[in-house]
Amino acid sequence: MYSYLKELNEIQRLAVEAIEGPSLVIAGAGSGKTRVLTYKIAHMLNLGIHPANILALTFTNKAAREMKDRIANMVGEKTAAYLWMGTFHSLFAKILRFEAKYIGYPSNFSIYDTQDSKNLIKTICKELHLDPQVYKSNEVLGRISYAKNNLVTAKNYANNFQIRESDKHGRKPEIYRIYEIYERRCKNAGAMDFDDLLLKTNILFDMHPDVLKKYQEKFKYILVDEYQDTNFSQYLIIKKLALAHQNLCVVGDDAQSIYAFRGARIENILNFKKDYPGFKLFKLEQNYRSTKNIVNAANSVIKKNRNQIQKNVFSEKEHGNKIKILEAFTDHEEGHLIANIISDIRYSEHDKYSDFAVLYRTNAQSRILEEALRKKNIPYRIYGGLSFYQRKEIKDLLAYFRLIINPLDDEAFKRIINYPKRGIGNTSLNKLLDFARENNLSAWQAAIKLASVNIGLSSAVVKKIHEFMSLISNFAGIINTGEAYETARQIAVQSGILKELHNDKTPEGISRYENIQELLNGIKDFTSTESDEGIKPNLVDYIQNVSLLTNEDKDKNKDKDKVNLMTIHSAKGLEFKNVFLAGLEEDLFPSKFSSSNISELEEERRLFYVAITRAENKLFISFARKRYRWGQLSDCVPSRFIRDINPEFIETEDAMLSMRNFSKKRTNSIGNQENKTTFTGNSEITKEALKQKLKKLDNSTKTAPNKNNSTKNLSGIKEGVLVNHQRFGTGKVLAVEGVFPNTKATIEFETGGKKQLLLKYAKLEILT
DNA sequence: TGCGTGCTTCTTTTT
DNA sequence: GAAGCACGCA
C-alpha cells in the first residue's frame with residue numbers, strides 16, 4: 001500500500017482509489033477536498049497513467065498552481081509538468097489556439113477582457129444611436145454573456161422568439177443587433193472574449209468530431225474541481241470530452257456554489273447522477289478545519305436553504321469559542337474595532353498577522369478597513385480589488401504587446417494609437433474608424449489603405465499614423481524570437497510609455513512607473529520558469545496568458561506576515577485561524593440586488609456559509625449602524641443573516657439582547673444608543689468618544705451644502721416650478737425624487753429636451 | 001487637438 | 001468618492 005494513502009480517512013481513500021468510471025465527490029467545507037484531488041492524481045501517476053492523459057480543471061490559476069506544486073512534490077516535477085492542469089479558460093484557450101484554423105480564427109487571437117468588451121459594446125450602441133441610459137454596457141454584456149454561456153450564438157439569439165420577447169419586455173429590443181455586430185467585430189479583430197473561449201470550444205467539438213475524438217483520446221482521465229461552479233458551457237465541454245472513457249471525477253460542494261451570477265449552474269452537481277448513472281458517490285463530511293461551534297453555526301445557517309444535497313458536516317475538534325457579534329456606530333468604528341481586536345488577540349494568543357483575515361461583501365468596503373489597520377500600524381495584504389492587470393498603465397503597455405502580436409486587435413489599436421500623445425486626435429481617429437466600419441475592416445487594415453485612399457485626413461496625420469504602424473511592425477519581427485524581457489523593455493522604451501511615466505513626478509505617476517517595472521519583472525519571472533511541457537515560454541506565451549491572469553497570480557507578498565483582506569468570493573478555498581466578517585447589514589450583505597429573489601438570496605446565504613467556514617478558531621461578525629455609500633452617510637439595518645445563526649453558537653447575553661433590538665426601523669437618534677453594548681474586547685474606543693464622533697458626522701450631513709449654489713436654497717423645488725439653469729436656460733420641473741440635496745429633478749428645458757439634474761451640483765435658480 | 005470643468009453614474013461578487 | 005463623459009474654451 002502506498003504510504004500516502006494512510007494519511008487519508010476511509011472515505012477519502014475510497015475516493016482517491018476510484019479511478020475508473022464516473023465519480024462524484026461531495027466535499028463539505030474543510031473536508032480535505034484538495035487533498036483528495038492531489039492524492040488522487042498522484043495515485044493515478046503512481047499506477048502508471050501517463051500525465052499527458054490527465055486533464056484537471058480548476059477555477060483559478062492559483063488553485064491549479066498549488067495543486068500542481070503539491071503533486072510535483074509527490075511524484076517529481078518532470079512528471080507533473082506533463083499534466084494538463086489549469087483553469088477552463090486557460091486550457092481551452094490553448095486548445096483553441098492550436099486548432100484555430102477549424103473555427104476561422106488566427107492562432108494568435110487576442111483575448112478581450114471585460115473592459116475591452118464593454119468598450120466595444122459602448123461603441124456599437126453609439127453607432128446604432130441607442131440611448132446609453134437604456135443600453136448600459138454592463139447589462140448588454142451580461143445578456144450576451146448569458147447567451148454565450150448557454151450556447152446561444154448571435155444568429156440563434158436573433159432567431160429565438162422567446163429571447164427576443166424577453167428583451168422587448170425589458171425595453172431593450174435591439175440587443176440582438178448589438179450581439180450580431182459585437183460578434184462580427186470580435187471576429188474581424190481576431191479577438192475572443194472570456195465566454196468565447198468556452199463557446200468556441202463547444203463549437204469546435206461539435207463541428208469537428210475528429211478533433212473532439214483526438215482530445216477524447218488524449219484526456220482519458222478528467223477531474224473537475226469546484227464542479228458546483230461550472231456553467232452550462234463548461235458542463236457541455238466536460239460531457240463531450242468524458243463521453244468516450246467516462247473516467248470523470250468531479251469534486252464540489254453545492255453549499256458553496258456562489259457564482260450563479262456569472263452563469264454557474266448548481267444543477268450540474270445536483271444532476272450528476274442523471275448524466276452518469278453508474279457513478280460512485282463519496283461524501284466527505286468530516287470538517288478538519290474548524291471547531292465544533294463554527295461548523296455547527298455554519299450548518300444552522302445553510303439549513304435555511306431549500307435546494308441542496310443532504311449531508312452532515314461535523315467536526316471532532318474542541319467546541320472552541322462562540323461567535324462574537326460586533327456592533328459599531330459607523331463603518332469607521334467597525335474598522336477600529338476590528339483593528340483593536342486583532343492587536344489584542346495577536347498579543348494574547350501570540351498569533352501571527354497572517355492568522356487573521358477580514359472578509360467583506362464588496363471591494364468598496366476595503367478602503368475604510370485599510371485605513372483603520374494603517375492607523376494601528378497593522379500590516380495587511382489586500383487581495384483582488386482593482387487587479388494589477390486592469391490598471392491603466394499596465395493595460396496600455398499590454399495593448400502594445402497585443403497589437404504587435406495581432407494587429408487586427410481594434411481595442412488595443414484604439415487604446416494606444418494616441419498614447420503617448422502623437423498628435424492623432426479623436427477627430428482623426430473617428431474618421432479612420434468610420435472608414436474601417438464602412439468597409440468592414442479592422443482599424444489596422446483601414447489605416448494601411450490610407451496610403452491610397454483619401455478620407456479627409458491631413459497628410460501630416462496620415463504620416464503620423466504610418467509612423468505608429470511601422471513602430472508596431474518592427475517589433476512584430478522580433479517578438480517571437482527575441483529574448484522576452486529585453487524585447488518587452490524595448491517596447492516600453494520605444495513606445496514612449498516609459499519616458500511619459502518617468503516624467504510624471506506626481507505620486508501616482510511614480511507608482512505607475514513602478515508598476516510598469518513590476519510588469520517587466522513579471523515577464524522576466526514568467527519566461528524564466530519552465531511551462532507545462534518543459535518548454536521555456538516566450539513573450540508571446542506571456543501575452544496570450546496575461547488576460548487570464550488575476551492579481552493573485554503575481555503577488556510576491558504572500559509569504560509576508562500580514563493580515564489578509566479580501567472579498568468572500570476570493571476567500572473561497574482558503575482558511576484562517578481568526579476571521580472577521582465585516583458589514584453584515586441589509587442591502588449590503590445580502591446585497592440589495594438579491595434580497596427580493598429567493599434563489600439569489602439563497603446564493604447570498606451560501607456566500608455567508610462560505611465566509612463562516614473560512615474560520616478555524618475565532619469568528620467575529622460585525623455591522624455598522626451608519627455607513628458611507630455614494631459618499632453619503634446612511635443608516636443601516638443589521639443583516640437578517642445574523643439571525644440565521646442558531647443563537648446557541650453566539651457569545652454573550654448582551655449580544656443576544658442587542659439582537660432582539662434589531663428592527664427594520666432606522667435608528668437615527670443618538671439617545672437610543674445609550675444602552676447599547678458594544679462588544680469591543682479590550683477596545684480603546686470609549687462609548688463617549690463614539691458618541692462625539694457620531695454627533696459630528698450627523699451634523700455634517702444634515703447641513704450638506706449645495707456645492708455650487710450655497711447661497712440659494714433649492715429645497716423648494718417641486719413639480720411645476722419654473723427654473724433657470726446657467727447653461728440650459730429656463731425650464732419647467734417635471735418630477736422630483738430623492739432627499740435634498742441629493743435630489744434628482746427632471747426638467748424640461750425650452751431649448752433642448754429633458755434633463756435630469758442632481759441638485760447637489762446643478763447651477764439652478766428658482767424663478768417661480 | 002488638448003485640456004479643464006461640470007455633471008452623471010456607479011457598485012455585488014470574477015474567470 | 002472615483003471614474004467617465006460631454007461640453008466649451010484656448
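Chain letters run A, B, ... following the sequence lines, proteins first and then strands; every chain starts at 1.
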Closest to the A:Thr567 side chain: B:dT15, C:dG1, B:dT13? B:dT13
Can you check whether A:Lys136 has a side-chain N or O nearer than 4.0 Å to OP1 or OP2 of B:dC10? yes
Determine whether the aromatic ring of A:Phe261 stacks with the base of B:dT13, defined as ring centroids separated by less than 5.5 Å and ring planes inclined by less than 30°. yes
Where the side chain of A:Val461 is defined as all heavy atoms beyond and including C-beta, which of B:dT11, B:dT1, C:dA6 is the nearest nucleotide? B:dT1
Atom-to-atom span, CG of A:Asp229 to P of B:dT14 - whole angstrom: 13 Å
Answer with base, sugar-phosphate or nothing: what part of the nucleic acid does A:Phe88 contact at a heavy-atom distance below 4.0 Å? nothing
Ignoring backbone atoms, test whether A:Lys592 places a side-chain nitrogen or oxygen under 4.0 Å from the OP1 or OP2 oxygen of B:dT11. no
Rounded to whole Å, how long is the line connecting atom CG of A:Asn430 with atom P of C:dA6? 11 Å
Classify A:Lys572 by what it touches in the nucleic acid, base, sugar-phosphate, or nothing, heavy-atom distance under 4.0 Å. nothing
So, does A:Thr427 get its side chain near the phosphate of B:dT1, meaning an N or O under 4.0 Å from OP1 or OP2? yes
Tell me: NZ of A:Lys392 to P of C:dA3, nearest whole Å? 12 Å
Roughly, in whole Å, what's the span from CD1 in A:Ile258 to P in B:dT14? 9 Å
Consider the side chain of A:Lys126, meaning its heavy atoms from C-beta on, and name the nucleotide among C:dA6, C:dG4, B:dT14 that approaches it most closely. C:dA6
Minimum-distance nucleotide to A:Asn418 side chain [options: B:dG2, B:dT15, C:dC5]: B:dG2
Please confirm whether the backbone N or O of A:Tyr227 pairs with a side-chain atom of A:Thr230, one donor and one acceptor, at under 3.5 Å? yes
Mapping A:Ser594 and A:Phe59 onto DNA chain B by nearest heavy atom, which one lands closer to the 5' end? A:Ser594
At less than 4.0 Å, is any side-chain N or O atom of A:Asn363 found next to OP1 or OP2 of B:dT13? Yes or no. yes
Nearest-Å distance once atom C1' is located in both C:dA6 and B:dT11: 23 Å
Just to confirm, is there a sub-4.0 Å distance from OP1 or OP2 of B:dT13 to any side-chain nitrogen or oxygen of A:Ser570? no
Interatomic distance, A:Leu588 CG vs B:dC10 P [rounded to whole Å]: 19 Å
List in chain and number order the residues that pass side-chain contact (heavy atoms from CB on, under 4.5 Å) with A:Ala63, two or more places apart in sequence or in another chain; answer none if no residue qualifies. A:Thr58, A:Thr60
Taking the six-membered ring of A:Phe413, is the NZ or CZ of A:Arg415 close enough (under 6.0 Å from the centre) and on axis enough (within 45°)? no
Determine, for A:Arg627 against A:Glu334, whether the closest basic-nitrogen to carboxylate-oxygen distance falls under 4.0 angstrom. yes
On a whole-Å scale, what distance lies between the C1' atoms belonging to B:dT13 and C:dG4? 22 Å
Taking A:Asn418 for its side chain and A:Ile424 for its backbone only, find out whether a donor-acceptor pair lies under 3.5 Å. yes
When you measure from the side-chain N and O atoms of A:Ser591 to the phosphate of B:dT13, is any distance below 4.0 Å, counting only OP1 and OP2? no
Assign A:Ser428 to base, sugar-phosphate, or nothing according to its heavy-atom contacts below 4.0 angstrom with the strands shown. sugar-phosphate
Just checking A:Asn138: base, sugar-phosphate only, or nothing, at a heavy-atom cut-off of under 4.0 Å? sugar-phosphate
Return the 5'-most residue of the pair A:His89, A:Arg422 with respect to DNA chain B, ranking by each residue's nearest nucleotide. A:Arg422
ring-ring contact (aromatic ring centres under 6.0 Å, His included) with A:Phe589: which residues, sequence neighbours excluded? A:Phe608, A:Phe641
Rounded to the nearest angstrom, tell me the gap between atom CD in A:Gln115 and atom P in C:dA3. 11 Å
Starting at CD1 of A:Ile382 and ending at P of B:dT13, how long is that distance when rounded to a whole Å? 12 Å
Please confirm whether the shortest side-chain N or O distance from A:Lys421 to OP1 or OP2 of B:dC3 is below 4.0 Å. yes
Of all heavy-atom pairs between A:Met85 and A:Leu91, which one has the smallest distance, and what is that distance? C-CD1, 4.0 Å
Expressed as a whole number of angstroms, how long is the span from A:Glu500:CD to B:dG2:P? 12 Å
Look at all strands and tell whether A:Glu604 reaches a base, only sugar-phosphate, or nothing, counting heavy atoms closer than 4.0 Å. base
So does A:Asn119 get a side-chain nitrogen or oxygen closer than 4.0 Å to the phosphate oxygens (OP1/OP2) of C:dG4? no
Please pick, from C:dA6, B:dT1, B:dT14, the nucleotide with the shortest atom-to-atom distance to any side-chain atom of A:His569. B:dT14
